[in-house]
Amino acid sequence: MAQPLEFEKPLVELEAKIRELKSFAEEKELDLSDEIITLENKATSLQRSIYGNLTAWQKTQIARQPDRPNFYDYVQLLFTDFVELHGDRAFADDQAIAGGIAFFNGTPVTVVGHAKGKDTKENIRRNFAMPHPEGYRKALRLMRQADKFGRPIITFIDTQGAYSGLSAEERGQGEAIARNLIEMSMLKVPVISVVIGEGGSGGALALGVGDRLLMLEHTFYSVIAPESCAAILWRDAAKAKEAAEAMKFTAQDLLRLGICDEIVPEPLGGAQRDYAITMENLSKALQANLTDLCALDTTDLLNKRYAKIRQVGVYSG
Amino acid sequence: MLKDLFRKPKYVTVSPTAPKKDMPDGLWVKCSGCGEILYNKELTKNLKVCQKCGTHLRMTARERIEATLDDFVEYDADLSSVNTLNFPDYEDKLAKAQAATGLQEGILTGEGIINGLSLVVGVMDSYFMMGSMGAVIGEKITRAVERAIAKKLPLILFATSGGARMQEGTLALMQMAKTSAALARLSAAGLLYISVLTDPTFGGVTASFASLGDIVIAEPGALIGFAGPRVLQQTMHQELPPGAQTAKFNLEHGIIDMVVERGQMKSMLAKLMRLHQGGC
Ligand SMILES: [Zn+2]
């Protein structure tokens, strides 16, 4: 398990105490079940009060927890017969983004997503899921392929952002992202995007233009990382907490703002605490949305997609 | 040309909200390229290009419209930003930007004429909160694109921006998708879109409409990229090589079609528009 977050510590300590008491009772063959039940009830209510009232910054931290399910976990647990496909056919195979074909409840679909690693070594290989242009171009290649074969597309969003480096600039990072935005808006197949962790700016959006945007309960989707926002606006990256609140970027905020279409509930304490429940919840949501979207004809699908994208933004006059 | 018969009388409308005020202020301006002190009036006459070293200094949206278009009628002049998220100090910043530039927002859009050719045009202004894109800029561009489609006119957008506007959070981010989706429809209608990148163009603007032109032009010396130079230096832990992210750099890496000097811009745009008329 990953390091507990600061606000989770009282709960983690209580849970440790319960475990200790249980093994003590077992060892000494004592009946401490009343005490244990009391403590377990206390833990449950503590859990509810902690996870029911998370601040935007706390959600940011949960969304970034390294033991949350990543792209490959979802692929493995939600789909069958996954075949991974590689490369942009022009420059390289960027492993910050992964994708391929699989069955979802019997329907062939194309799956693409930001691929965070499970450990440092894998994260280095995957550049911490911060794609280069070739990553976005690989994603686009796979999505065009889906379009050709009439397969729905499911994308998984989990990145702190597109890679910022000279190599990315030289190969047209801005163009690569922009190309995905324009082309995704015209794909003739249903496109469902799911934010499973961090939704970091344009680098996230480049896999996020579609018919439905689902967000797991403890995720965020932001125009800029809260640390960077604080550094630019208040010259103090330590004010990230304030920036996180100010930008209103949690799944709950974005549902209110009409950007997120549906929040997928996570098990109490976050997706990392129970993969099975997370998968079950997401599977249900994906199936329901897919059924809706597959019933539309192409013109209808594209008109509704345009209307959805078109309506975002508040102004006067 | 037949179109010329329907040409509107020459007049350049500007938002009626505030008196015109040129930026930077004052009689004299220091060239950011060579350090020469230049007489502002002369400089403006020379399209804000330093007479001494050729540096293309930044222009306001109005200056660029006056320099590039023979005729301009503004669209959506009264669209203005609201602080949807209650972001700290946002109203204040908007009010200051409006007072300093005389603009409602960081872009002017409208219909215009270049050398007798009608077009829909949008010009961003870096003096308005660094040309950052929020809901108003996204909406104005989208409406401009939709009007170009309805009127079957070519579209030219002059970009300059630091990126998406933080104070509007994810709503600002989504303007990237919105403007791009509108451009997809323009493209499907077979209409021409020329994107002109001016100094500086970065972030969410580079990563959306500004990179999607059928033809992408940059002004000499303009800095263009996704990540800003400071961010690049931070991630790379080293100084950037000289010339990184300039128009020339972008040309050499195949990211733009050409670099066009300001004095030649109008005739190049007209030529490109003419080349997109007819065909077999
Ligand atoms: Zn000079």
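Throughout, protein chains are lettered first and strands after them, A, B, ... in sequence-line order, and every chain is numbered starting at 1.
- Residues B:Leu79 and B:Arg143 are in side-chain contact: their nearest non-hydrogen atoms beyond the backbone lie under 4.5 Å apart.
- For B:Lys140, no part sits under 4.5 Å from any heavy atom of chain A, backbone or side chain.
- Two rings, from A:Phe220 and A:Phe249, have their centers less than 6.0 Å apart.
- Ranked by heavy-atom pairs under 4.5 Å with chain B, the list A:Ile177, A:Ile182, A:Leu166 is led by A:Ile182.
- Counting heavy-atom pairs under 4.5 Å between each of A:Leu254, A:Ile224, A:Ile259 and chain B puts A:Ile259 at the top.
- Chain B forms more heavy-atom pairs under 4.5 Å with one residue of A:Ser167, A:Gly313, A:Ala168, A:Ser164 than with any other, namely A:Ser164.
- With respect to chain B, the highest number of heavy-atom pairs below 4.5 Å among A:Ser185, A:Gly165, A:Ala246 belongs to A:Ala246.
- In this structure, the side chains of B:Val121 and B:Leu157 stay at 4.5 Å or more apart for every pair of heavy atoms.
- Using a 4.5 Å cut-off between heavy atoms, A:Val209 touches chain B through its side chain atoms alone.
- Within the 4.5 angstrom heavy-atom criterion, only side-chain atoms of B:Ala188, from C-beta onward, approach chain A.
- Looking at B:Gln234, neither its backbone nor its side chain comes within 4.5 Å of chain A, counting heavy atoms on both sides.
- With respect to chain A, the highest number of heavy-atom pairs below 4.5 Å among B:Gln175, B:Arg165, B:Glu252 belongs to B:Gln175.
- In this structure, chain A has heavy atoms under 4.5 Å from both the backbone and the side chain of B:Leu85.
- Among all heavy-atom pairs drawn from A:Val264 and A:Ala285, the shortest one is CG2-CB, 4.1 Å.
- For A:Lys116 (side chain) and A:Asp158 (main-chain N/O), no donor-acceptor pair under 3.5 Å exists by modelled atom type.
- With a 4.5 angstrom heavy-atom cutoff, B:Phe249 touches chain A only via side-chain atoms.
- No part of A:Arg305 comes within reach of chain B, as not one of its non-hydrogen atoms sits under 4.5 angstrom from that chain.
- For A:Ser201 (side chain) and A:Val223 (main-chain N/O), a donor-acceptor pair under 3.5 Å exists by modelled atom type.
- Between chain B and the options A:Gly317, A:Ala178, A:Gly161, A:Gly208, heavy-atom pairs under 4.5 Å are most frequent for A:Ala178.
- Residue A:Leu205 touches chain B through its side chain alone, counting heavy-atom pairs closer than 4.5 Å.
- Using a 4.5 Å cut-off between heavy atoms, B:Gln167 touches chain A through its side chain atoms alone.
- Atom NZ of A:Lys304 is separated from atom OG1 of A:Thr299 by 11.5 Å, given to the nearest 0.5 angstrom.
- Classification of A:Arg144 and A:Asp147 as a salt-bridged pair fails, no side-chain N sitting under 4.0 Å from a carboxylate O.
- The closest donor-acceptor contact from the side chain of A:Asp88 to the backbone of A:Arg137 lies at 3.5 Å or more, if one exists at all.
- Heavy-atom distances place both the backbone and the side chain of B:Ser80 under 4.5 Å from chain A.
- Here the CD1 atom belonging to A:Ile309 is positioned 12.5 Å from the CE atom belonging to B:Met176, to the nearest 0.5 angstrom.
- With a threshold of 4.5 angstrom between heavy atoms, B:Gln233 does not approach chain A through any atom at all.
- Proximity to chain A is limited to the side chain of B:Met236, based on heavy atoms less than 4.5 angstrom apart.
- You'll find the side chain of B:Met129 reaches within 4.5 Å of the side chain of B:Tyr90, heavy atoms only.
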